[in-house]
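One structure below.
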Amino acid sequence: MTSLWTRATRIADETPPSRNRLIDFLRVFSIVVVVLGHWLAAIPHLVDGSLRVSHALELSTGIHYVTWALQIMPIFFIVGGYSNAKSLTAARRDGTRRRVWLAARYHRLMTPIVPFLLAWSLLVPILGAFVDRDLLKLASQVAAVPLWFLAVYLLAVAVAPWTFEAWRRWRWWTVAVPVGVAVINDVLRFGDGWPAQLAWTNYVFVWLTIHQLGYRWAEMDKELPAGRGWLAALTGLGALAGLTTFGPYPVALIGVPGDPFSNTTPPTVVLFAVTLIQIGLISVAAPWLRRVLDRRRVWAAVVLVSGMIMSLFVWHMTAMVFTIGIATLLGNVGFTVEPLTALWWATRPLWFVVIGVVLLPLVAFFGRFEQRAQTGETAPRPVALAVGIVASAGALAASAAFGTARVDDFPLRWWVPLLLIVGTFLAGMFTFRPER
């Protein structure tokens, strides 16, 4: 850790004045909030002497409003749009081909993910020899749940060269049209006779629209004035309150097990209101945040976490699964506290620390892959790259939905790692020559 801090401090000291530090902070902030939110939502506890892992939102509707603060993914997509716009602009200026840019972005995103899926694919057959198959299936699925967002983001990156060009040409129409389609999709979804499968297209119309807003931020390269920021935040809050109070939308901004509808699976227009709130609050807080980020140690901390942020995100649920397994072997230590009581809330910081201790060696080891991710000048053929990206996104989505374990004769969903391997080879991940 000392060497990592030294490296982060050196990089922080070399940061050019032109770099928008707020973007890096928001990327780290959004992922850290998601991690802590996942750890908070999972409640392992004893029921009639048996271990059960419940979802916090299942146990109390009163805390559904907490998700209004914890649903932070719009920030990540906005920041992603900003970064992709800046990178694409620089690539165009330097004469970099689109497929070279796409390959570089693909490699940076997938480098920390490939070891994760391969590790779980090896772990499942080993544990399958002496761990209950149903329990193993649940563990692998819980560990892989966060990958849904990376599957969507990978597709957003894959089409970024074209969505960015669309923004430059048609401007706000590239936001208004998909917003309109998402609204129509929701109206039909909550009505009768609409095929449920079509509602899943909102993964494109909602998240890619939010990604488009990052292009506007990159173009302005500044936030809204404070007055407009407050107006945006209050307008978004009013829309969110109205949609969830008088409309058909659930209060919770993440899926609640057993509920017939969710605001995220698939996404609904409620997330546009959340996005407006977050844009407003970022604009209001930006001047203060920039002053804080100018401090050497604060900025070095952001650089440190940013260098392994995807590894932290990919492995954080695995660390929780391992923590629950270890506590179970130790006699269900810590699982006798009644969920959502004052004592339970008081012990949450300790719960975070314990999982963090388990997560630290995973990130320290696997984070090395992320830190060594390089860019270069070669790329596969366009068709191979396109098929590889789609296959990789499919592997991520399948892992999030099903995990890598199953309960029949062979405990491994063999086609999930196979799809990933095919995708990465087609996208040239293992033939990519880093620049020197």
Side-chain angles (χ1 to χ4, degrees), residues 15-34 65 67-90 156 160 163-164 166-180 182-183 206-244 253 269-296 298-299 301-303 306:
T15 303
S18 59
R19 187 173 186 88
N20 190 338
R21 300 185 180 193
L22 182 60
I23 293 296
D24 295 276
F25 167 77
L26 290 174
R27 183 184 297 110
V28 169
F29 173 76
S30 60
I31 293 298
V32 169
V33 170
V34 169
Y65 287 97
T67 63
W68 290 19
L70 295 180
Q71 177 48 268
I72 214 77
M73 277 294 99
I75 290 180
F76 191 93
F77 276 86
I78 295 172
V79 167
Y82 178 101
S83 299
N84 288 331
K86 290 291 187 181
S87 179
L88 282 165
T89 301
T163 56
F164 183 52
W167 166 259
R168 290 163 62 94
R169 181 173 181 179
W170 292 300
R171 314 293 294 169
W172 288 104
W173 285 109
T174 64
V175 174
V177 171
V179 166
V183 170
V206 172
W207 289 118
L208 265 65
T209 301
I210 296 173
H211 187 267
Q212 290 289 109
L213 297 177
Y215 297 157
R216 174 58 174 169
W217 189 3
E219 185 178 72
M220 295 171 54
D221 218 3
K222 62 181 180 180
E223 296 73 46
L224 297 173
R228 292 185 182 180
W230 280 118
L231 178 62
L234 292 175
T235 301
L237 182 60
L240 178 58
L243 289 169
T244 55
L253 296 182
V269 297
V270 163
L271 292 175
F272 292 138
V274 177
T275 302
L276 198 57
I277 295 172
Q278 293 173 357
I279 289 174
L281 293 179
I282 289 170
S283 299
V284 171
W288 174 77
L289 286 172
R290 291 186 189 281
R291 289 194 297 272
V292 172
L293 291 170
D294 281 337
R295 299 173 185 172
R296 184 170 182 261
V298 173
W299 176 237
V302 171
V303 171
S306 182

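FYI, the numbering just counts along the sequence from 1.
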**Q.** Pairs involving residues 223-239, ordered by first then second residue, that meet side chain to side chain donor-acceptor pair (under 3.5 Å) (sequence neighbours left out)
**A.** W217-E223, E223-R290
Q: Provide the closest heavy-atom pair for V33 versus A69 in the form atom of the first, atom of the second, distance.
A: CG1-O, 4.4 Å
Q: Mind checking side chain to side chain donor-acceptor pair (under 3.5 Å) for W299 and listing every partner two or more places apart, or none if nothing turns up?
A: T15
Q | Nearest-0.5 Å distance that lies between atom CG in L213 and atom CH2 in W172 | A | 5.5 Å
Q. Partners of R19 by side chain to side chain donor-acceptor pair (under 3.5 Å), sequence neighbours excluded?
A. D24
(Q) Has T244 got a side-chain atom pairing as donor or acceptor with L240's backbone, closer than 3.5 angstrom? (A) yes
Q. Rounded to the nearest 0.5 Å, what separation is found between the CG atom of L293 and the CH2 atom of W288?
A. 8.5 Å
Q: Please check if atom CZ in F29 has more than 12 non-hydrogen atoms from other residues, nucleotides or ligands closer than 6.0 Å.
A: no
Q. How far apart are the closest heavy atoms of I72 and V34, and which atoms are they?
A. CG2-CG2, 3.6 Å
Q | Atom pair CD/CG of Q71 and L271 - distance to nearest 0.5 Å | A | 5.5 Å
Q) Hey, is the main chain of A160 close enough, under 3.5 Å, to the side chain of T163 for a donor-acceptor pair? A) yes
Q: Starting at CG of L224, measure out to CG of L281 and round the result to the nearest 0.5 Å.
A: 11.5 Å
Q) What residues form a side-chain contact (heavy atoms from CB on, under 4.5 Å) with A85, not counting sequence neighbours? A) F164, Y215, A218
Q) Quick one: are H211 and N84 in side-chain contact, heavy atoms under 4.5 Å? A) yes
(Q) Per the side chain to side chain donor-acceptor pair (under 3.5 Å) rule, what does the pair list look like for residues 270-287, sequence neighbours excluded? (A) none
Q) Could you give the distance from CD (Q212) to CH2 (W207), rounded to the nearest 0.5 Å? A) 14.5 Å
Q: Show the numbers, then the answer: is there a side chain to side chain contact (heavy atoms under 4.5 Å, CB included) between F77 and L208?
A: CA-CA 8 Å; F77 276 86; L208 265 65; 5.6 Å; no
Q) Can you tell me how far the OG atom of S306 sits from the CD1 atom of I23, to the nearest 0.5 Å? A) 11.5 Å
Q. What are the two closest heavy atoms between S30 and F76, and how far apart are they?
A. OG-CD1, 3.6 Å
Q: Heavy atoms only: give me the nearest A226-V284 pair and the separation to one decimal.
A: O-CG2, 3.8 Å
Q. Run the side chain to side chain contact (heavy atoms under 4.5 Å, CB included) check on I210 and M73 step by step: do they pass?
A. CA-CA 10 Å; I210 296 173; M73 277 294 99; over 6 Å; no
Q. What pairs with R21 under side chain to side chain donor-acceptor pair (under 3.5 Å), at least two apart in sequence or on another chain?
A. none
Q) So, do V274 and W68 sit near enough that their side-chain heavy atoms are less than 4.5 Å apart? A) no
Q: Begin from the C-alpha positions of L289 and I282 and carry the test side chain to side chain contact (heavy atoms under 4.5 Å, CB included) through to its verdict.
A: CA-CA 9 Å; L289 286 172; I282 289 170; 5.8 Å; no
